[in-house]
Number of protein chains: 2
Amino acid sequence: MSDLDPHVHQPARLRILMLLSGVDSADFAFLQKTLQLTKGNLSSHMARLERAGYVRVTKAFHGNMPNTSYRLTRLGRTRLAAYWKAIDEIRHGAE
Amino acid sequence: MSDLDPHVHQPARLRILMLLSGVDSADFAFLQKTLQLTKGNLSSHMARLERAGYVRVTKAFHGNMPNTSYRLTRLGRTRLAAYWKAIDEIRHGAE
DNA sequence: GTCTCTGGTTTGTGGTACAAACTAGTATGC
DNA sequence: GCATACTAGTTTGTACCACAAACCAGAGAC
């Protein structure tokens with residue numbers, strides 16, 4: 001009975017992870033705009049995902065402007081897949 | 001973008017609702033045993049689901065022993081279905 | 001200069017999941 | 001009958017966490 005990873009099982013983070021799983025990399029502004037999260041909220045979710053090792057953060061400057069971008073790690077990808085598997089088990093009664 | 005109902009989007013409650021969706025009615029002891037929750041935890045989840053109108057509680061006596069049983073309401077059933085729909089949207093990028 | 005905008009992080013608060021402690025009553029020794 | 005243990009739950013306390021508001025720092029506009 002594989003349990004639902006609490007890092008993934010949270011609406012905002014699930015969306016973040018799904019988005020990242022399709023784009024190779026995305027920056028803070030893009031994530032905030034597409035997911036409609038407040039900056040503070042997004043910031044703390046990303047910090048959490050980073051601490052958990054699910055995303056890698058890259059801070060750089062575009063011209064003079066700071067820019068933070070995120071990419072899913074292999075671990076993050078694995079855990080996301082495992083999450084969907086666990087969801088399917090709950091949904092379809094697998095053991 | 002239908003959001004994930006927080007009453008449903010919680011591991012224990014999701015399991016409870018899925019279990020109830022398949023059995024017409026189940027009592028406290030059965031839920032506790034099959035879902036491996038502590039009594040306190042199960043009690044508060046059920047109280048929450050009742051307050052939300054997702055389950056109906058029936059208290060009765062079996063012989064001399066008190067017995068509390070739960071059944072999914074129509075609302076609960078609807079919301080559970082909506083939850084899976086919302087999950088699918090996140091999973092498959094529907095709008 | 002100073003005002004405002006971009007790009008975030010830190011802080012405070014309210015809500016909540018959880019288990020431990022408790023309550024209420026029932027069966028079981030002895 | 002009196003205590004001991006078990007059934008069937010509920011209440012309470014704690015620790016965590018999601019969220020937004022407030023904050024910080026630099027950049028461009030005027």
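Residue numbers start from 1 in every chain, and the chains themselves are labelled A, B, ... in the order their sequence lines are given, proteins ahead of strands.
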Worksheet item: Rounded to whole angstroms, how far apart are CG on B/Leu35 and P on C/dC18?
Response: 12 Å

Fill in: Nearest-nucleotide comparison on DNA chain C, the residue closer to the 5′ end among B/Pro66 and B/His45
B/His45

Worksheet item: Below 4.5 Å, heavy atoms only, C-beta onward: do A/Leu31 and A/Met46 meet side chain to side chain?
Response: yes

Item to complete: Kindly compute the distance separating CD1 (B/Ile90) from CE (A/Met18), expressed to the nearest 0.5 Å.
Response: 8.5 Å

Practice prompt. Would you tell me if any nitrogen or oxygen in the side chain of B/Lys59 comes within less than 4.0 Å of OP1 or OP2 on C/dA24?
Written response: no

Worksheet entry | Rounded distance in Å - CG (B/Leu14) to P (C/dT16) | 17 Å

Worksheet item: So which one's nearest nucleotide on DNA chain D is more toward 5', A/Gly40 or B/Ser44?
Response: B/Ser44

Worksheet item: What's the closest nucleotide to the A/Met65 side chain, out of C/dT6, D/dG9, C/dA27?
Response: C/dT6

Worksheet item: Run the side-chain hydrogen bond (donor to acceptor under 3.5 Å, both in side chains) check on B/Asp5 and B/His9 step by step: do they pass?
Response: CA-CA 6 Å; B/Asp5 182 342; B/His9 191 66; over 6 Å; no

Worksheet item: Do A/Glu89 and A/Lys85 have side chains that get closer than 4.5 Å, going by heavy atoms?
Response: yes

Practice prompt. Mind calculating the distance between CZ (A/Phe28) and P (C/dT9) to the nearest angstrom?
Written response: 6 Å

Worksheet, complete the sentence: Atom CD of B/Gln32 and atom P of C/dA20 are separated, to the nearest Å, by 13 Å

Worksheet entry | Rounded interatomic separation in angstrom, taking CG from A/Leu49 and P from D/dC17 | 13 Å

Worksheet item: Does OP1 or OP2 of C/dG25 have a side-chain N or O of B/Asn64 closer than 4.0 Å?
Response: no

Worksheet entry | Interatomic distance where CD belongs to B/Gln36 and P belongs to C/dA17 [whole Å] | 20 Å

Item to complete: Remember a base hit wins even if backbone is also touched, and classify B/Asn41 as base, sugar-phosphate or nothing at under 4.0 Å, heavy atoms.
Response: base

Fill in: DNA chain D: 5'-proximal contact among B/Ala29 and A/Phe61 (nearest heavy atom)
B/Ala29

Worksheet item: Counting only N and O atoms by type, is there a donor-acceptor contact under 3.5 Å from the side chain of B/Thr34 to the main-chain atoms of B/Phe30?
Response: yes

Practice prompt. Would you kindly give the NZ-to-C1' distance between B/Lys39 and D/dT7, to the nearest whole Å?
Written response: 6 Å

Worksheet item: Please give, in whole Å, the distance from D/dA18 P to A/Leu37 CG?
Response: 12 Å

Discussion item. Under 4.0 Å, heavy atoms only, any strand: does A/Gln10 hit a base, just the sugar-phosphate, or nothing?
Written reply: sugar-phosphate

